[in-house]
There are 2 protein chains.
Amino acid sequence: MHATLRDANPPLTPSVEDYLKVIYHLSNQGGFAATSDIAAMLDVAPPSVSGMVKRLSETGLIEHVPYRGVQLTAQGRRAALRMIRRHRLLELYLTQQLGYDWGGVHAEAERLEHAVSDELIDRMARALGDPLYDPHGDPIPTAAGEIEEAELVSLADAGLGSKLELRQVGTQDSARLRFFAEQGLTPGVLLTVTDRQPFNGPTTIGLVPSGDPRVVGRELALLLWCREMPVTDRGYASR
Amino acid sequence: MHATLRDANPPLTPSVEDYLKVIYHLSNQGGFAATSDIAAMLDVAPPSVSGMVKRLSETGLIEHVPYRGVQLTAQGRRAALRMIRRHRLLELYLTQQLGYDWGGVHAEAERLEHAVSDELIDRMARALGDPLYDPHGDPIPTAAGEIEEAELVSLADAGLGSKLELRQVGTQDSARLRFFAEQGLTPGVLLTVTDRQPFNGPTTIGLVPSGDPRVVGRELALLLWCREMPVTDRGYASR
DNA sequence: TTCAAAGTTTAGCGTAGTCTAATGTTGATG
DNA sequence: CATCAACATTAGACTACGCTAAACTTTGAA
């Protein structure tokens, strides 16, 4: 029930915590997480999800409305946020303390998050100065299970002329992550929307303060989540 | 096949690698590892070991002589040493970089050693300056799978008057580890045997250079593995 | 209003590990 | 050298996950 013989390394089978994490992400905006979406995210067959859903709701971690989907209970949400805290702190620690690069940390954190103790996570957090955001710009839940609810707009939806701070890159795909990094589109960057083509066409933005233009197709723009920034007469407001 | 529902945290079931590690330790001095000893070390029932032994020998990691015991093949030895390298580097990293104390690292390393990648281990090793010994004084196998074969004597067997360097503490029991640490009996310490009582009585030693005496009962003295040191006319030879 | 497609659940089986109880083997002792 | 205790293995059941195929809902479009 732990590691198998043939494939000792990559845990092919998602753990309970992985289910909770994807349910958290899928039902984030208050809705239900659909069986098939969970299955797609975890790369298992839908009946496997039905089975796990049954077990998880028996133990009180989720609530299941048949044919509708699932939601986390308070307990399940706590467990999910605990794993998200672990994941994001691990990514930050690996990046800052061990020289990993932005695109390479995800897989490592994905495995480690199941093995680390709360004590280790707290020690890492302290070593990093109790940071609030991970290398992708996502907020790190506190040990008590609180998380900053960011009000983010996808770049594809942001208004023409609006001033934005890139906060999250909504993909784990390393080719895309590398592409964004090459374009200078990393969390924390400031930008303005200068143009958008109709019919789901690309968005053109300008980086701040350099003014360098970038053209981002809609598929990719949908992955770039931004905070809309108030503008003061002396420039952009700081956080 | 990964983490179960009821006991999400402590991996109650030993992994393949855990089997290889204990077989390595049990058959270290060239012998066979007995089924019941493996079972005792892993806290599983003997038939579970028989089952795993079958699978491990089918994949060529061990050789099994029925009713005699098992030995590692070259491949199995390599896999065991890889895990031992991970374990010892993790203990050292946690101790030196994250402020863990000597007694508390074992359980953490035991879980992490299954989740870390070779890359992470190599990065940790580099961050530590490619160390040769872990916090217990045990040699760390190289990435290529070589390990220093130490010629060690148990303190209980060392000759009266001999000069020794404490190299390994042969227990994982944290109460004993803490006791040794309090007595100043940590790997690297130099000492001389000043007295030994007959009938399995205690050994008296003097710490070097302070000369502080310590009295160690036979049960504990058996756990303290030392290197016998050549003496030069200017003092103890360095490593 | 029906009906078909899409999505979900159930049924039934496979695998990799655990366990207890029963059976085999070995080696020391009378 | 026969016996018996200790140790090892086999037999058979259980759990927790996975899968495919089949049955059941829901929904959206004709």
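Below, chain A is the first sequence line, B the second, and so on; all start at residue 1. The basis for the numbers below is simple: all heavy atoms, side chains too, and nothing from hydrogens, waters or symmetry mates.
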Applying side chain to side chain donor-acceptor pair (under 3.5 Å) to Arg88(B) and not counting sequence neighbours gives none
Rounded to whole Å, the CZ-P distance (Arg55(B) to dT10(D)) equals 12 Å
Looking across every strand, which nucleic acid part, if any, lies under 4.0 Å from Ser36(B) by heavy atom: base, sugar-phosphate, or nothing?
-> sugar-phosphate
Return the nearest nucleotide to the side chain of Thr35(A); candidates are dT18(C), dT9(C), dT20(C).
-> dT9(C)
Mark up nucleotides 21-26 of chain D, 5' to 3', with B wherever a protein heavy atom is under 4.0 angstrom from a base atom, S wherever such an atom reaches only the sugar-phosphate, and - elsewhere.
-> B--BSS
Select base, sugar-phosphate, or nothing to describe what Val44(B) touches, counting heavy atoms under 4.0 Å on all strands.
-> sugar-phosphate
OP1 or OP2 of dA8(D) less than 4.0 angstrom from a side-chain nitrogen or oxygen of His64(B), does that happen here?
-> no
Candidates dG18(D), dG17(C), dT18(C) - which lies nearest the side chain of Tyr19(A) = dG18(D)
Partner residues of Ala74(A) under the side-chain contact (heavy atoms from CB on, under 4.5 Å) criterion, sequence neighbours left out = Arg78(A)
Figure out the CD/P separation between Glu17(A) and dA16(D), and round it to whole Å.
-> 15 Å
Any residue meeting salt bridge (charged side-chain N to carboxylate O under 4.0 Å, His left out) with Asp157(B), in chain and number order, not counting sequence neighbours | none
Whole-Å distance between dT15(D) P and Met52(A) CE?
-> 16 Å
Between CG of Asp18(B) and C1' of dA16(C) the distance, given in whole Å, is 16 Å
Pairing residues for Asp195(A) by the salt bridge (charged side-chain N to carboxylate O under 4.0 Å, His left out) criterion, not counting sequence neighbours | none
Choosing from dG18(D), dT8(C), dT9(D), which nucleotide comes nearest the side chain of Ser50(A)?
-> dT8(C)
Pick the nucleotide of DNA chain D nearest each of Ala34(B) and Asp43(A); which residue has the one closer to the 5' end?
-> Ala34(B)
Using salt bridge (charged side-chain N to carboxylate O under 4.0 Å, His left out) as the criterion, list what pairs up with Glu119(A), not counting sequence neighbours.
-> Arg123(A)
Separation of atom CG in Asp37(B) from atom C1' in dA6(D), rounded to whole Å | 13 Å
Among the candidates dC17(D), dC19(D), dG18(D), find the nucleotide nearest to the side-chain atoms of Ala45(A).
-> dC19(D)
Taking it one step at a time, do Tyr24(B) and Ile84(B) satisfy side chain to side chain contact (heavy atoms under 4.5 Å, CB included)?
-> CA-CA 10 Å; Tyr24(B) 176 87; Ile84(B) 290 168; 3.4 Å; yes
Grab the CG-C1' distance between Leu26(A) and dG7(C) for me, whole Å please.
-> 15 Å
Between Tyr100(A) and Glu91(A), does any side-chain donor sit less than 3.5 Å from a side-chain acceptor?
-> no
Could you state the atom-to-atom distance from CD1 of Ile38(A) to C1' of dT9(C) in whole Å?
-> 14 Å
Please report, rounded to the nearest Å, how far the P atom of dA16(C) is from the NZ atom of Lys54(B).
-> 13 Å
